[in-house]
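These notes concern the structure reproduced below.
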Amino acid sequence: MAFSPGSRGRLTEYDLGRFPADTLFDRIGRAVCAAGCLPRKELYEAWEVARRARRLFRGGRVVDLGSGHGLLAHVMLLLDDSSALALAVDAALPPSAPTVHEALVQAWPRLEGRVTFLKAALEDVPLTSGDVVVSSHACGALTDTILARATEARARVAVLPCCHDVETCEAGPFAGWVDPPMAIDLLRAVRLEQQGYRVWTQIIPAAITPKNRRLLGTPRE
């Protein structure tokens, strides 16, 4: 069976041979395999979100909202050491999140003490204009909550939306031209620009996820 980066199967020590190189991605892959609890697609999604965000946004505290295992927060730090700290926030942190963290700290001791996990509602996390707010596959209206929180703080933001629920997400006037998920994301991009943000729209490989539209923004002023 062909290896699919979009699989929900866990990466384990049996997958170590798939990450043989000395590249940062392969080193992260080996650490995730050592943890033995992370779905394969989460590795590839976190890498794509982080590397594209870091091409535009350097420094700042990283705030990973809807973080799950917090891999995205860790990769953001590995890609840019000028960010001193990262906060991984989720209303229901996975029990295996510390396992992933420990595997990454073992591979990169400089991560020790720099990533904080917080079990909390996304609405309750204080943000500042110096933050870089990131999220990978916040379901449905959670993406809108994250965009709203980031824009209120005038923070830089990068999201990979998923689960476009037409009952809870607004499609605006675009729904007559394009399918509802696309309409929802188009409206998000337009609103972000209307709030004084410079906006970038991107896609990640569809082999990782069919919900592959990336939305990034930074305040113009």
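Small disclaimer: the values here were computed from a predicted structure and weren't measured.
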What ring pair (Phe, Tyr, Trp, His ring centres under 6.0 Å) pairs are there with at least one residue in residues 135-188, not counting sequence neighbours? none
Nearest atoms (heavy-atom pairs only) where Ala207 meets Pro5: O-CG, 3.8 Å
Are any of the side-chain heavy atoms of Pro161 and Asp185 separated by less than 4.5 Å? yes
Check Leu187 against Glu170 and note the closest heavy-atom contact, atom names and distance. CD2-O, 3.4 Å
Shortest non-hydrogen contact from Ala155 toward Tyr197: O-OH, 2.8 Å
Does Thr128 offer a backbone N or O that forms a donor-acceptor pair with the side chain of Arg154 under 3.5 Å? no
What's the shortest heavy-atom distance between Gly59 and Arg156, and which atoms? O-NH2, 3.5 Å
Near Arg51 CZ, under 6.0 Å, is it more than 12 heavy atoms from other residues, nucleotides or ligands? yes
State plainly whether one hydrophobic cluster holds both Leu111 and Leu43, where clusters connect Ile, Leu, Val, Met, Phe, Trp and Tyr through side-chain heavy atoms under 4.5 angstrom apart. yes
Should Val89 and Val49 be counted in the same cluster of Ile, Leu, Val, Met, Phe, Trp and Tyr side chains packed under 4.5 Å apart? no
Taking Thr116 for the side chain and Leu87 for the main chain, is one N or O donor matched with an acceptor at less than 3.5 Å? no
With under 30° as parallel and over 60° as perpendicular, where do the rings of His74 and Phe117 fit, or are they tilted in between? tilted
Taking Val132 as the starting point, is it possible to reach Leu142 by hopping between hydrophobic residues whose side chains are less than 4.5 Å apart? no
Partner of Val190 under side-chain contact (heavy atoms from CB on, under 4.5 Å), picked from Arg188, Gln194, Glu193, is Gln194
Do Arg8 side-chain atoms and Glu42 backbone N/O form a donor-acceptor pair below 3.5 Å? no
Test your reading of the model: is there a side-chain donor-acceptor pair from Asn212 to the backbone of Ile204, 3.5 Å cut-off? yes
Counting only heavy atoms not in Arg220 (residues, nucleotides, ligands), do more than 12 fall under 6.0 Å from its CZ? yes
Determine yes or no for a side-chain-to-main-chain donor-acceptor pair under 3.5 angstrom, with Arg52 supplying the side chain and Ile203 the backbone. yes
Single-linkage hydrophobic cluster Leu71~Ile208, side-chain heavy atoms < 4.5 angstrom: yes
Within the 4.5 Å heavy-atom criterion, are Val134 and Phe57 side-chain neighbours or not? no
Please determine which of Leu38, Leu16, Thr12, Ile28 meets the side-chain contact (heavy atoms from CB on, under 4.5 Å) test together with Cys33. Leu16
List the atom of Gly68, the atom of Leu93, and the distance in Å for their closest heavy-atom pair. O-CD2, 3.8 Å
Paired with Ser136, the side-chain contact (heavy atoms from CB on, under 4.5 Å) test is passed by just one of Leu65, Val159, Leu160, Asp64, namely Leu160
Under 4.5 Å between any side-chain heavy atoms of Leu56 and Thr218, yes or no? no
Are Cys169 and Asp144 packed together at the side-chain level, in the sense that at least one heavy-atom pair is separated by less than 4.5 angstrom? yes
Pairwise side-chain contact, Leu72 with Ser67, heavy-atom cut-off 4.5 Å (strictly under): no
Count I, L, V, M, F, W, Y as connected when their side-chain heavy atoms are under 4.5 Å apart, and connections chain through other members. Are Val62 and Leu118 then in the same cluster? no
Nearest-0.5 Å distance that lies between atom CZ in Arg58 and atom CG in Leu79: 7.5 Å
Taking Arg40 for its side chain and Gly9 for its backbone only, find out whether a donor-acceptor pair lies under 3.5 Å. no
Are Arg114 and Asp81 ion-paired here, with the side-chain N under 4.0 Å from a carboxylate O? yes
Below 4.5 Å, heavy atoms only, C-beta onward: do Met76 and Ser83 meet side chain to side chain? no
Arg149 and Leu122, any side-chain heavy atoms less than 4.5 Å apart: no
Are Val32 and Asp15 close enough that some pair of their side-chain heavy atoms sits under 4.5 Å apart? no
If every non-hydrogen atom of His69 is compared with every non-hydrogen atom of Ser96, which pair is closest and at what distance? NE2-OG, 2.7 Å
